[in-house]
Amino acid sequence: MAAKALTHPEEWIRRAVVYQIYPRSFQDSNADGIGDLNGITRRLDDLAALGVTVLWLCPFFQSPMKDNGYDISDYYAIQPEFGTMQDMDRLITEARARDIDVIIDMVLNHTSDKHAWFRKALADPESPFRDYYIFRDDLTGLADLRSNFGGSAWTQTPDGAWYFHAFAKEQPDLNWENEAVRREIYAMMSWWLDKGVRGFRMDAITFIKKDPAFPPLPPDGPDGRTDVGKACLNRPGILDFLHEMKDNTYGPRGALTVAEAPGVPAADLPDYIGPDGVFSMVFDFSYTDIDLVPGDLWARRRPWTFAEFKQRLFVNQLAVEKTGWAANYLENHDQPRSISKYFTPSQIEKYHDRLAKLLGTLFFFLRGTPFIYQGQEIGLTNTRFEDIDELDDVNSHGQFARCLDEGLTPEQALDSINRRSRDHARYPMQWEDVPGFGFTEGTPWLAFGRTCPDRTVAGQRGDPDSVWNYYKSMIALRNRSAWSDVLFDGDFEPDDTGDELISYRRTNGGSVVHVTVNVTEHEVDASEWLPECGTILLDNCADAAGARYTPFEARVWTDAEA
Ligand code: GLC
Ligand code: CA
């Protein structure tokens, strides 16, 4: 079958390899222990050497940092500890000089409670800014919702009124029904595009439309409340806002947009992506949250298997393929490290590098644009927290409190934090084998990881077998090899291989490339399912050959006949 002539999204977006940066933890340039924009600029050569083409910067805007920048108090200003607007301009220019584009995080569901709009709304109930947010005089007859970070989604102000927040109480939700709010947002987004950013990651965007009546819902937890997602995600009418936003901002400019869009079922994908959609791509959570019960405590482990993982991954790929383009990822600033999530401590001890490469291989060649999270390219794992006071993440503290409220012991609560905390992804980056890891010459804002101090970018760059060099090879194979066309625009087709192998092929005209990984700790013979192996393009084991897959082997290969 001839490959489909894909025109959406634009080619530079389809060809992109995105690298996500959490500025606070990436590179400090002035020894205050906090990563900053000049630090990112300093590391551009390392990123160019890896081969990434787009940087996604998590928020660096002015913020009280209650949620590390996802609480913005001024969208037009840089938080001083991250630098200045000149530093930002320089970063964009220097990145461009290396053929790297910058996209930024747009937090549009809420602002900080310290944003001038919210301050004015609080100071004077008659001010026009009161209607920039969602205030109610009393809560009678309204849904008693549990915020995403635990506790009520309604908080009372000193004047007795209540305001709504889907996340922390310091993150009041904007009232998108108000046209003045929408105009302010579009002007701000256009201002950033004019500055030279090439697109946006849209934070929590499926939350923006609410039913102003907030009709009550059946409680789903011992606190008598209902998960806020059940009331506020992907509500009828949201598409009017999203189309208006697109038409007034990034649409006419061909920008890259990737949405954090929980709550969008496969049937609704054509509204969100593809030629009639509003974004270039959306993130799928089905396989990254496979260990969670949605809206429930992190402590409640959801048993899962690789068979189910495969099924979720493939269902999503096939659904997206019908409509548009995928955003493929394993990690981000909200997720624990992928190796730690999917494998056991003893497997990691024995096969650390191999597992890092296996997961990389598995996701990187799926149909779509790959997103790499900082540190993933050197195989970082979860750290270990010995006390709740070691945690910074607002969500970890909320979860900890919820666990205690629901009767868990402090040890059980801490255990769940160790499994799922967002701070596993947020401990500082490990660049060099020196005190401070080359991240800082000061005291880091969050303790360094405890589990893999031997993993640094400098150490791995010199080692041809390292995870870093494997990521570099994956990028080169996808972007600059004889197989690039099939790996970009080829169709995705599952291979039928039972539960022990996850295998798929990318096809384009006559070209076929297979990606096969053995997710077990024993050898697996693939000859029952797969054609004879021809050329091996990439492999995470030195002695790969034939139809036998060694434990946790991952292979990119072509049919013998091809
Ligand atoms: C998104 C972000 C997360 C943040 C939340 C509230 O989920 O990824 O880090 O806490 O939105 O803005
Ligand atoms: Ca700094």
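Both counts, for ligands and for their atoms, begin at 1 and track the order of listing. These numbers come from a predicted model, not from an experiment.
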Residue, atom name and distance, where the atom is the protein heavy atom closest to atom 7 (O) of ligand 1: Glu260 OE2, 2.8 Å
Give the atom numbers and elements of ligand 1 that come within less than 4.0 Å of a heavy atom of His110. 6 (C), 12 (O)
Establish, from distance only, whether the side-chain atoms of Tyr19 and Glu377 form a donor-acceptor pair under 3.5 Å. yes
In this structure, is the centre-to-centre distance between the rings of Tyr133 and Phe164 below 6.0 Å? no
Taking only heavy atoms of Arg426, which atoms of ligand 1 are found under 4.0 Å from at least one of them? 9 (O)
As an exercise, identify every atom of ligand 1 less than 4.0 angstrom from a heavy atom of Phe149. 10 (O)
Considering only the protein, which heavy-atom contact is closest to atom 5 (C) of ligand 1, and what is its distance? Phe167 CE2, 3.7 Å
For Tyr76 together with Trp191, are the ring centres under 6.0 Å from each other? yes
Under the criterion side chain to side chain donor-acceptor pair (under 3.5 Å), I'd like the reasoning laid out for Tyr272 against Asn234: C-alpha separation, chi angles, the key distance, then a yes or no. CA-CA 10 Å; Tyr272 280 85; Asn234 189 25; 2.7 Å; yes
So, does Thr323 use its side chain to make a donor-acceptor pair with the main chain of Leu269 at under 3.5 Å? no
Ligand-side contact atoms (ligand 1) for residue partner Arg422, heavy atom cut-off under 4.0 Å: 3 (C), 4 (C), 9 (O), 10 (O)
Metal-centred angle, the Ca ion (ligand 2) as apex - OD1 of Asp28, OD1 of Asn30, 10° resolution: 80°
Mind checking whether Phe214 and Trp162 have ring centres under 6.0 Å apart? no
Closest approach to the Ca ion (ligand 2) by Asp36, given as the N, O or S atom name: OD2
Filtering Asp334, Val107, Asn148, Val394 for the heavy atom nearest atom 3 (C) of ligand 1 leaves Asp334
Give a yes/no on ligand 1: does Lys66 have at least one heavy atom closer than 4.0 angstrom to it? no
Under the ring pair (Phe, Tyr, Trp, His ring centres under 6.0 Å) rule, what do Trp445 and Tyr427 come out as? Steps first, then yes or no, please. CA-CA 9 Å; Trp445 71 277; Tyr427 67 75; over 10 Å; no
Output field: ring centroids His333/Tyr70 closer than 6.0 Å: yes
Tyr22 ring center near Tyr373 ring center (under 6.0 Å): no
May I ask you to identify, for His165, whether its side chain, its backbone, both or neither come under 4.0 Å of ligand 1 on a heavy-atom basis? neither
Starting from atom 2 (C) of ligand 1, which protein heavy atom do you reach first, and at what distance in Å? Asp203 OD1, 2.9 Å
Counting backbone and side-chain atoms alike, is an N, O or S atom of Gly33 positioned under 3.0 Å from the Ca ion (ligand 2)? no
Side-chain donor-acceptor pair present, Thr381, Ser340, cut-off under 3.5 Å: no
heavy-atom search around atom 4 (C) of ligand 1 in the protein gives Asp67 OD2, 3.3 Å
Considering only N, O or S atoms, which atom of Asp32 is nearest to the Ca ion (ligand 2)? OD1
